[in-house]
Amino acid sequence: MELAGLSFLKLSFLLSLLSSGSDFLNPISEPGLVGKFPPSCNRIECPNYDVVHAGNGYEIRRYDTTVWISTQPIQDISLVDATRTAFFQLFNYIQGKNKYHQKIEMTAPVISQVSPSDGPFCESSFTVSFYVPKKNQPDPAPAENLHIQKWTPRYVAVRQFSGFVSDSTVGEEAAALSASLEGTAWANAIEKSKEEGGVGADSAYIVAQYNSPFEFTGRVNEIWLPFQMDD
């Protein structure tokens, strides 16, 4: 019974990280948070980073090498629906449905790499990823229909916002991050990195989600714009 209960908690937590689009559960969002440490990272493992700059409504972080287990790109008009589609693949993976039959510890955040469509009713592309714990990173377990992403060290421009992630907010928050970076050296570095096919060129932006479904206050979500630049 104890193991079943633990599995249920893991399932509930991961499902929440993969998005709640219910408006009646969505408390008023507080956009443009800066520097709030995600509470989940006090309880479970999250990737390490250093804050190298704090701006007006954004911060610049430098992440070390990270490893992610990722779905194949999912074509959908909805981020919420696409992440729910990815849910069972990732949950089964951490429960041991992988080639090593390993059970994997829960981590945060779950991220969705977003490549938007050209029109409001066209399908976008979403790749949903689970952060692999450090102890599993030297030899992460492969799994059918999932692939491993090994990220080199990189910079990330970050905008935080609260509430539950919904389709109506992520585009607005991504646009707000781009607007807050306008005219800065960081914006130039992001553009250059994309143009050269480097870090960040494979998606328009990333949505990072940290919280469990039982946390109705203090929720932290993020929009990420990864990039590379010379130190």
K.L.:
If you measure from CD on E172 to CD1 on I223, what distance do you get to the nearest 0.5 Å?
P.N.:
10.5 Å
K.L.:
Does either side chain, that of N56 or that of S180, offer a donor lying less than 3.5 Å from an acceptor on the other one?
P.N.:
no
K.L.:
Could you walk me through whether Y205 and S203 pass side chain to side chain contact (heavy atoms under 4.5 Å, CB included), step by step?
P.N.:
CA-CA 6 Å; Y205 57 88; S203 62; 6.0 Å; no
K.L.:
Tell me, do F37 and P39 make a side-chain contact under 4.5 Å, heavy atoms counted?
P.N.:
no
K.L.:
Got a list of side-chain donor-acceptor pairs under 3.5 Å for residues 136-143, not counting sequence neighbours?
P.N.:
residue: Q137; atom: NE2; partner: Y131; partner atom: OH; Å: 3.2
residue: Q137; atom: NE2; partner: V132; partner atom: O; Å: 2.8
residue: D139; atom: OD1; partner: Y100; partner atom: OH; Å: 3.0
residue: D139; atom: OD2; partner: Y100; partner atom: OH; Å: 3.3

K.L.:
If we only count heavy atoms from C-beta on, is the S193 to Q228 side-chain gap below 4.5 Å?
P.N.:
yes
K.L.:
Using a distance-only test with no angle check, is there a side-chain donor-acceptor pair under 3.5 angstrom linking S129 and S70?
P.N.:
yes
K.L.:
How close do S124 and S115 get, counting heavy atoms only, and between which atoms?
P.N.:
CB-O, 3.4 Å
K.L.:
Between I74 and V114, is there shared hydrophobic-cluster membership here, with clusters defined by ILVMFWY side-chain heavy atoms closer than 4.5 Å?
P.N.:
no
K.L.:
Can you tell me how far the CD atom of Q75 sits from the SG atom of C122, to the nearest 0.5 Å?
P.N.:
11.5 Å
K.L.:
Less than 4.0 angstrom from a charged side-chain N to a carboxylate O is my criterion; do R61 and E59 meet it?
P.N.:
yes
K.L.:
Rounded to the nearest 0.5 Å, what's the gap from CD1 on I206 to OG on S112? Could you check?
P.N.:
9.0 Å
K.L.:
So does K194 have more than 12 non-hydrogen atoms from other groups sitting under 6.0 Å from NZ?
P.N.:
yes
K.L.:
Taking the side chain from D76 and the backbone from S78, do they hold a donor-acceptor pair closer than 3.5 Å?
P.N.:
yes
K.L.:
Could you give the distance from CD1 (I104) to CZ (F91), rounded to the nearest 0.5 Å?
P.N.:
12.5 Å
K.L.:
Does one hydrophobic cluster hold both V199 and V158, with members joined at side-chain heavy-atom distances below 4.5 Å?
P.N.:
no
K.L.:
Please determine which of F227, W68, W224 meets the ring pair (Phe, Tyr, Trp, His ring centres under 6.0 Å) test together with Y63.
P.N.:
W224
K.L.:
Looking only at heavy atoms, what is the nearest atom pair of A187 and L181, with distance?
P.N.:
CB-O, 3.3 Å
K.L.:
Would you compute the distance between atom CD of E45 and atom OG of S40 and round it to the nearest 0.5 angstrom?
P.N.:
13.5 Å
K.L.:
Is K134 salt-bridged to E105, going by a charged N under 4.0 Å from an acidic O?
P.N.:
no
K.L.:
Evaluate the side-chain hydrogen bond (donor to acceptor under 3.5 Å, both in side chains) criterion for residues Q95 and Q102: first the C-alpha distance (whole Å), next the side-chain angles of each, then the deciding distance (0.1 Å), finally the verdict.
P.N.:
CA-CA 7 Å; Q95 287 299 104; Q102 289 180 339; over 6 Å; no
K.L.:
If we ignore hydrogens and angles and just use 3.5 Å, is the side chain of D167 paired with the main-chain N or O of L79 as donor and acceptor?
P.N.:
yes
K.L.:
Say whether, by atom type as modelled, one donor and one acceptor occur between the side chain of N211 and the main chain of V220 under 3.5 angstrom.
P.N.:
yes
K.L.:
Please tell me if the side chains of I94 and K103 come closer than 4.5 Å, counting only heavy atoms from C-beta onward.
P.N.:
no
K.L.:
Is a side-chain donor-acceptor pair under 3.5 Å present for E144 with Q89?
P.N.:
no
K.L.:
Can a donor-acceptor pair be found, under 3.5 Å and without considering hydrogens, that links the side chain of N98 to the backbone of Y93?
P.N.:
yes
K.L.:
Does the side chain of N145 come within less than 4.5 Å of T71's, by heavy atoms?
P.N.:
no
K.L.:
When rounded to the nearest 0.5 angstrom, what distance separates CD1 in I69 from CG in L146?
P.N.:
5.0 Å
K.L.:
Where do P73 and S125 come nearest, in terms of heavy atoms and distance?
P.N.:
CB-OG, 3.4 Å
K.L.:
Looking only at the side chains, is there a donor atom on one of E222 and Y210 sitting less than 3.5 Å from an acceptor on the other?
P.N.:
yes
K.L.:
Side-chain contact test, heavy atoms from C-beta onward, threshold under 4.5 Å: evaluate it for Y155 versus I60 and give yes or no.
P.N.:
yes
K.L.:
Do the side chain of T83 and the main chain of V80 share a donor and acceptor less than 3.5 angstrom apart?
P.N.:
yes
K.L.:
Would you check, one step at a time, whether the test side chain to side chain contact (heavy atoms under 4.5 Å, CB included) holds for I111 with V128?
P.N.:
CA-CA 6 Å; I111 62 171; V128 184; over 6 Å; no
K.L.:
Verify side chain to side chain contact (heavy atoms under 4.5 Å, CB included) between R84 and D81, making sure each step is shown before the conclusion.
P.N.:
CA-CA 5 Å; R84 284 175 178 163; D81 290 345; 4.3 Å; yes
K.L.:
Within the structure provided, determine whether T65 and P153 are in side-chain contact (heavy-atom separation under 4.5 Å).
P.N.:
yes
K.L.:
Side chains of Y49 and V156, heavy atoms from C-beta outward: is any pair under 4.5 Å?
P.N.:
no
K.L.:
What I'd like to find out is whether the side chain of R62 reaches to under 4.5 Å of the side chain of H53, using heavy atoms alone.
P.N.:
no
K.L.:
Applying salt bridge (Lys or Arg N to Asp or Glu O under 4.0 Å), name anything that partners R154, two or more places apart in sequence or on another chain.
P.N.:
none
K.L.:
Under the side chain to side chain contact (heavy atoms under 4.5 Å, CB included) criterion, do Q149 and T127 qualify, and how do the steps go?
P.N.:
CA-CA 11 Å; Q149 293 193 62; T127 299; 4.1 Å; yes
